[in-house]
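Each ligand, and each atom within it, is numbered from 1 in the order the structure gives. Only heavy atoms go into these numbers, but all of them, side chains included; no hydrogens, no water, no symmetry mates.
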Amino acid sequence: MIFLKSDDEIELLRESNLIVAKTLAELAKMIQPGVTTLQLDKRAEEFIRDNGGIPGFLGYGGFPGSICTSVNEQVVHGIPSKDVVLKEGDIISVDCGVLKNGFHGDSAYTFCVGEVAPNTIQLLRTTKESLYKGIEQAVEGKRIGDISATIQEYCEKEGFSVVREMVGHGVGRNLHESPEVPNYGRKGNGLLLKSGMTLAIEPMINLGTRKIVFEKDGWTTRTYDRSPSAHFEHSVAIRQGKADVLSSFKYVEEVLGEREF
Ligand code: MG
Ligand code: MG
(Lines give C-alpha, C1' and ligand atoms only; values in the text may rest on other atoms or scores of the structure.)
(Ligands and ions follow the chains in the order given, each with its own letter.)
Protein backbone atom coordinates (compact mmCIF):
# COMPACT_ATOMS: atom_id res chain seq x y z
CA MET A 1 0.00 0.00 0.00
CA ILE A 2 1.26 3.46 -0.90
CA PHE A 3 0.70 6.22 1.63
CA LEU A 4 0.24 9.61 -0.01
CA LYS A 5 1.36 12.49 2.23
CA SER A 6 -0.35 15.78 2.86
CA ASP A 7 1.60 19.04 2.64
CA ASP A 8 1.82 19.11 6.45
CA GLU A 9 3.23 15.59 6.53
CA ILE A 10 5.77 16.50 3.85
CA GLU A 11 6.92 19.41 6.04
CA LEU A 12 7.44 17.00 8.94
CA LEU A 13 9.49 14.78 6.64
CA ARG A 14 11.53 17.84 5.67
CA GLU A 15 12.19 18.55 9.35
CA SER A 16 13.50 15.02 9.96
CA ASN A 17 15.61 15.20 6.82
CA LEU A 18 17.11 18.52 7.92
CA ILE A 19 18.52 16.78 11.01
CA VAL A 20 19.85 14.01 8.75
CA ALA A 21 21.55 16.60 6.53
CA LYS A 22 23.17 18.35 9.49
CA THR A 23 24.25 15.04 11.03
CA LEU A 24 26.04 14.10 7.81
CA ALA A 25 27.78 17.50 7.93
CA GLU A 26 28.90 16.86 11.52
CA LEU A 27 30.43 13.59 10.38
CA ALA A 28 32.06 15.30 7.39
CA LYS A 29 34.06 17.33 9.93
CA MET A 30 35.40 14.13 11.52
CA ILE A 31 36.12 11.90 8.54
CA GLN A 32 39.89 11.49 8.20
CA PRO A 33 42.51 8.75 8.54
CA GLY A 34 42.58 7.21 12.03
CA VAL A 35 38.90 7.72 12.86
CA THR A 36 36.82 4.60 13.56
CA THR A 37 33.34 4.07 12.21
CA LEU A 38 32.16 3.58 15.80
CA GLN A 39 33.33 7.12 16.64
CA LEU A 40 31.23 8.38 13.74
CA ASP A 41 28.26 6.40 15.00
CA LYS A 42 28.53 7.78 18.53
CA ARG A 43 28.75 11.37 17.28
CA ALA A 44 25.78 10.83 14.98
CA GLU A 45 23.61 9.46 17.78
CA GLU A 46 24.57 12.31 20.10
CA PHE A 47 23.90 14.97 17.45
CA ILE A 48 20.56 13.47 16.43
CA ARG A 49 19.32 13.28 20.03
CA ASP A 50 20.60 16.81 20.80
CA ASN A 51 18.42 17.99 17.91
CA GLY A 52 15.28 16.31 19.18
CA GLY A 53 15.38 13.28 16.91
CA ILE A 54 15.77 9.54 17.37
CA PRO A 55 18.26 7.58 15.25
CA GLY A 56 15.92 5.89 12.78
CA PHE A 57 18.20 2.92 12.08
CA LEU A 58 19.08 2.04 15.69
CA GLY A 59 17.34 -1.23 16.50
CA TYR A 60 15.59 -1.35 13.10
CA GLY A 61 15.35 -5.09 12.41
CA GLY A 62 17.95 -5.40 15.16
CA PHE A 63 20.52 -3.12 13.49
CA PRO A 64 23.07 -2.20 16.17
CA GLY A 65 24.15 1.26 14.92
CA SER A 66 22.66 4.73 14.52
CA ILE A 67 24.15 5.01 11.03
CA CYS A 68 25.32 2.59 8.36
CA THR A 69 29.01 2.97 7.56
CA SER A 70 30.08 1.14 4.40
CA VAL A 71 33.76 1.38 3.52
CA ASN A 72 35.29 0.78 0.06
CA GLU A 73 33.90 -2.51 -1.31
CA GLN A 74 31.03 -2.47 1.18
CA VAL A 75 27.85 -1.45 -0.64
CA VAL A 76 25.41 -0.61 2.17
CA HIS A 77 24.41 -1.60 5.72
CA GLY A 78 27.95 -1.66 7.13
CA ILE A 79 27.92 -1.88 10.93
CA PRO A 80 29.89 0.80 12.79
CA SER A 81 32.81 -0.78 14.65
CA LYS A 82 35.78 0.20 16.78
CA ASP A 83 37.78 -2.18 14.60
CA VAL A 84 37.13 -0.31 11.34
CA VAL A 85 39.73 2.46 11.22
CA LEU A 86 39.56 4.80 8.23
CA LYS A 87 42.74 5.14 6.24
CA GLU A 88 44.06 7.38 3.48
CA GLY A 89 42.48 6.50 0.14
CA ASP A 90 39.29 4.94 1.56
CA ILE A 91 35.77 5.91 0.64
CA ILE A 92 32.95 5.63 3.16
CA SER A 93 29.23 5.73 2.56
CA VAL A 94 27.36 7.08 5.56
CA ASP A 95 23.64 6.38 5.53
CA CYS A 96 21.66 8.23 8.19
CA GLY A 97 18.06 8.04 9.34
CA VAL A 98 16.23 10.28 11.80
CA LEU A 99 12.78 9.79 13.29
CA LYS A 100 11.05 12.93 14.53
CA ASN A 101 7.35 13.73 14.94
CA GLY A 102 6.60 10.22 13.70
CA PHE A 103 8.31 10.67 10.32
CA HIS A 104 11.58 9.25 9.00
CA GLY A 105 14.30 11.20 7.24
CA ASP A 106 16.73 9.11 5.16
CA SER A 107 19.79 10.26 3.21
CA ALA A 108 23.28 8.99 2.42
CA TYR A 109 26.55 10.45 1.17
CA THR A 110 29.85 8.82 0.19
CA PHE A 111 32.94 10.60 1.51
CA CYS A 112 36.61 10.44 0.52
CA VAL A 113 39.23 9.83 3.18
CA GLY A 114 42.21 11.90 2.07
CA GLU A 115 43.42 11.31 -1.47
CA VAL A 116 41.36 8.76 -3.41
CA ALA A 117 42.16 6.97 -6.71
CA PRO A 118 40.94 8.84 -9.84
CA ASN A 119 38.66 6.03 -11.07
CA THR A 120 37.01 5.90 -7.65
CA ILE A 121 36.50 9.67 -7.71
CA GLN A 122 34.82 9.23 -11.08
CA LEU A 123 32.58 6.56 -9.55
CA LEU A 124 31.53 8.96 -6.79
CA ARG A 125 30.83 11.81 -9.20
CA THR A 126 28.81 9.59 -11.49
CA THR A 127 26.76 8.07 -8.67
CA LYS A 128 25.93 11.47 -7.18
CA GLU A 129 25.05 12.88 -10.60
CA SER A 130 22.87 9.84 -11.35
CA LEU A 131 20.90 10.55 -8.17
CA TYR A 132 20.04 14.04 -9.42
CA LYS A 133 19.18 12.71 -12.87
CA GLY A 134 16.86 10.20 -11.21
CA ILE A 135 15.26 12.94 -9.11
CA GLU A 136 14.48 14.92 -12.29
CA GLN A 137 12.25 12.01 -13.28
CA ALA A 138 10.35 12.02 -9.96
CA VAL A 139 7.44 14.06 -11.26
CA GLU A 140 3.73 13.43 -11.62
CA GLY A 141 2.87 11.50 -14.77
CA LYS A 142 6.23 9.70 -15.04
CA ARG A 143 6.72 6.15 -13.79
CA ILE A 144 9.09 4.48 -11.34
CA GLY A 145 10.85 2.91 -14.33
CA ASP A 146 11.73 6.38 -15.63
CA ILE A 147 13.70 7.04 -12.44
CA SER A 148 15.27 3.57 -12.54
CA ALA A 149 16.24 3.55 -16.21
CA THR A 150 17.68 7.06 -16.07
CA ILE A 151 20.01 6.13 -13.21
CA GLN A 152 21.01 2.86 -14.86
CA GLU A 153 21.69 4.34 -18.29
CA TYR A 154 23.76 7.19 -16.91
CA CYS A 155 25.95 4.96 -14.72
CA GLU A 156 26.42 2.19 -17.27
CA LYS A 157 27.35 4.70 -19.98
CA GLU A 158 30.19 5.78 -17.67
CA GLY A 159 31.31 2.15 -17.41
CA PHE A 160 30.00 1.41 -13.93
CA SER A 161 27.54 -1.25 -12.79
CA VAL A 162 24.24 -1.06 -10.92
CA VAL A 163 23.45 -3.14 -7.84
CA ARG A 164 20.20 -5.07 -8.30
CA GLU A 165 19.59 -6.64 -4.89
CA MET A 166 19.21 -3.40 -2.94
CA VAL A 167 16.78 -0.66 -3.99
CA GLY A 168 15.28 2.68 -2.96
CA HIS A 169 11.86 2.84 -1.35
CA GLY A 170 8.91 4.87 -0.19
CA VAL A 171 9.50 6.66 3.11
CA GLY A 172 7.23 8.27 5.69
CA ARG A 173 5.86 7.03 8.99
CA ASN A 174 7.80 3.88 8.15
CA LEU A 175 11.46 3.87 7.17
CA HIS A 176 10.65 1.54 4.29
CA GLU A 177 7.31 1.82 2.52
CA SER A 178 6.03 0.88 -0.90
CA PRO A 179 6.93 1.32 -3.67
CA GLU A 180 10.39 -0.08 -4.31
CA VAL A 181 12.59 2.24 -6.38
CA PRO A 182 15.16 0.12 -8.24
CA ASN A 183 18.22 1.73 -9.82
CA TYR A 184 17.71 -0.30 -13.00
CA GLY A 185 14.68 -0.73 -15.19
CA ARG A 186 12.86 0.37 -18.30
CA LYS A 187 11.46 3.76 -19.17
CA GLY A 188 7.67 3.95 -19.11
CA ASN A 189 7.41 0.87 -16.86
CA GLY A 190 6.19 0.52 -13.33
CA LEU A 191 4.01 2.52 -10.99
CA LEU A 192 2.61 5.87 -12.15
CA LEU A 193 3.98 8.70 -10.00
CA LYS A 194 1.66 11.19 -8.36
CA SER A 195 1.72 14.08 -5.95
CA GLY A 196 1.98 13.09 -2.30
CA MET A 197 4.37 10.21 -2.94
CA THR A 198 7.59 10.36 -0.94
CA LEU A 199 10.53 8.33 -2.19
CA ALA A 200 14.04 7.59 -0.99
CA ILE A 201 16.07 7.41 -4.21
CA GLU A 202 19.45 5.80 -3.61
CA PRO A 203 21.74 4.61 -6.41
CA MET A 204 24.29 1.98 -5.29
CA ILE A 205 26.89 1.80 -8.04
CA ASN A 206 29.98 -0.39 -8.37
CA LEU A 207 33.31 0.17 -10.09
CA GLY A 208 33.54 -3.50 -11.14
CA THR A 209 30.96 -6.25 -11.21
CA ARG A 210 27.38 -5.53 -10.16
CA LYS A 211 27.36 -8.77 -8.17
CA ILE A 212 27.27 -8.44 -4.40
CA VAL A 213 27.77 -10.73 -1.41
CA PHE A 214 25.91 -10.69 1.90
CA GLU A 215 28.39 -10.91 4.76
CA LYS A 216 27.95 -13.30 7.68
CA ASP A 217 27.20 -10.47 10.12
CA GLY A 218 23.68 -10.50 8.65
CA TRP A 219 23.84 -6.87 7.48
CA THR A 220 26.86 -5.80 5.46
CA THR A 221 26.80 -6.18 1.71
CA ARG A 222 29.96 -5.96 -0.38
CA THR A 223 30.93 -6.24 -4.01
CA TYR A 224 31.75 -9.76 -5.14
CA ASP A 225 35.04 -8.65 -6.71
CA ARG A 226 35.85 -6.28 -3.81
CA SER A 227 35.91 -3.27 -6.11
CA PRO A 228 34.68 0.02 -4.59
CA SER A 229 30.98 0.86 -4.37
CA ALA A 230 29.35 4.29 -4.03
CA HIS A 231 25.99 5.27 -2.55
CA PHE A 232 24.12 8.57 -2.48
CA GLU A 233 20.55 9.01 -1.29
CA HIS A 234 17.95 11.75 -1.07
CA SER A 235 14.41 11.68 0.27
CA VAL A 236 12.15 13.28 -2.32
CA ALA A 237 8.48 14.28 -2.29
CA ILE A 238 6.38 14.69 -5.38
CA ARG A 239 4.54 17.87 -4.60
CA GLN A 240 2.25 19.81 -6.90
CA GLY A 241 3.52 17.54 -9.63
CA LYS A 242 7.21 18.32 -9.15
CA ALA A 243 10.17 16.79 -7.32
CA ASP A 244 10.80 18.46 -3.97
CA VAL A 245 14.09 17.25 -2.43
CA LEU A 246 13.55 17.00 1.33
CA SER A 247 17.08 16.04 2.36
CA SER A 248 20.10 18.15 1.47
CA PHE A 249 23.84 17.87 0.83
CA LYS A 250 24.24 21.63 1.27
CA TYR A 251 25.60 21.34 4.82
CA VAL A 252 28.02 18.54 3.90
CA GLU A 253 29.27 20.50 0.93
CA GLU A 254 29.81 23.59 3.08
CA VAL A 255 32.01 21.55 5.42
CA LEU A 256 33.92 19.80 2.65
CA GLY A 257 34.46 22.83 0.41
CA GLU A 258 37.25 22.00 -1.98
CA ARG A 259 37.86 18.67 -0.24
CA GLU A 260 34.75 17.37 -1.97
CA PHE A 261 35.70 15.10 -4.83
MG1 MG B 1 19.32 5.50 3.69
MG1 MG C 1 16.94 4.42 2.17
Side-chain angles (χ1 to χ4, degrees), residues 2-3 5 10 13-28 37 40-41 44-45 47-48 53-71 74-80 91-100 103-111 124 127-128 130-132 134-135 138 144 147-148 151 162-184 197-205 212 219-221 229-238 243-249 251-252:
I2 291 166
F3 300 104
K5 280 76 174 182
I10 289 173
L13 277 165
R14 198 189 309 280
E15 198 177 321
S16 302
N17 275 292
L18 181 63
I19 302 174
V20 173
K22 291 181 173 175
T23 305
L24 290 173
E26 278 303 301
L27 303 181
T37 54
L40 298 176
D41 183 75
E45 178 170 7
F47 187 85
I48 291 166
I54 297 167
F57 298 171
L58 187 60
Y60 184 87
F63 189 75
S66 290
I67 52 174
C68 298
T69 51
S70 308
V71 178
Q74 294 177 346
V75 179
V76 287
H77 301 165
I79 300 172
I91 57 170
I92 174 173
S93 149
V94 179
D95 194 345
C96 181
V98 167
L99 175 63
K100 190 178 179 187
F103 285 88
H104 286 271
D106 188 8
S107 177
Y109 193 94
T110 302
F111 298 89
L124 297 182
T127 306
K128 188 179 174 195
S130 79
L131 169 59
Y132 288 111
I135 290 170
I144 291 283
I147 300 174
S148 307
I151 292 170
V162 177
V163 172
R164 302 291 200 274
E165 292 86 345
M166 325 291 295
V167 296
H169 50 92
V171 62
R173 287 191 183 276
N174 307 293
L175 178 58
H176 296 115
E177 299 183 350
S178 290
E180 290 194 341
V181 186
N183 299 300
Y184 63 96
M197 288 182 179
T198 47
L199 307 173
I201 303 175
E202 48 180 319
M204 290 154 259
I205 308 298
I212 67 168
W219 285 102
T220 312
T221 54
S229 183
H231 176 217
F232 290 83
E233 176 180 25
H234 271 316
S235 291
V236 179
I238 302 170
D244 181 356
V245 184
L246 304 176
S247 47
S248 174
F249 295 150
Y251 303 97
V252 163

Worksheet entry | With Tyr60 via ring pair (Phe, Tyr, Trp, His ring centres under 6.0 Å) - residues at least two apart | His176
Worksheet item: Hey, is the Mg ion (ligand 2) within less than 2.8 Å of some N/O/S atom on His176?
Response: no
Worksheet, complete the sentence: Hits for salt bridge (Lys or Arg N to Asp or Glu O under 4.0 Å) against Lys5, two or more places apart or cross-chain, chain-then-number order -> Glu177
Worksheet item: Do Arg164's NZ or CZ and the ring of Tyr184 fall within the cation-pi criteria of under 6.0 Å and 45°?
Response: yes
Worksheet item: What protein N/O/S atoms are found closer than 2.8 Å to the Mg ion (ligand 1)?
Response: Asp95 OD1, Asp95 OD2, Asp106 OD1, Glu233 OE1
Fill in: Close side-chain approach of Asp244 to Val236, heavy-atom, < 4.5 Å
no
Worksheet item: Which residues pass the ring pair (Phe, Tyr, Trp, His ring centres under 6.0 Å) test with His234, sequence neighbours left out?
Response: Tyr132, Phe249
Worksheet entry | Test item: Asp41 side-chain N/O and Ser66 main-chain N/O as donor-acceptor pair under 3.5 Å | yes
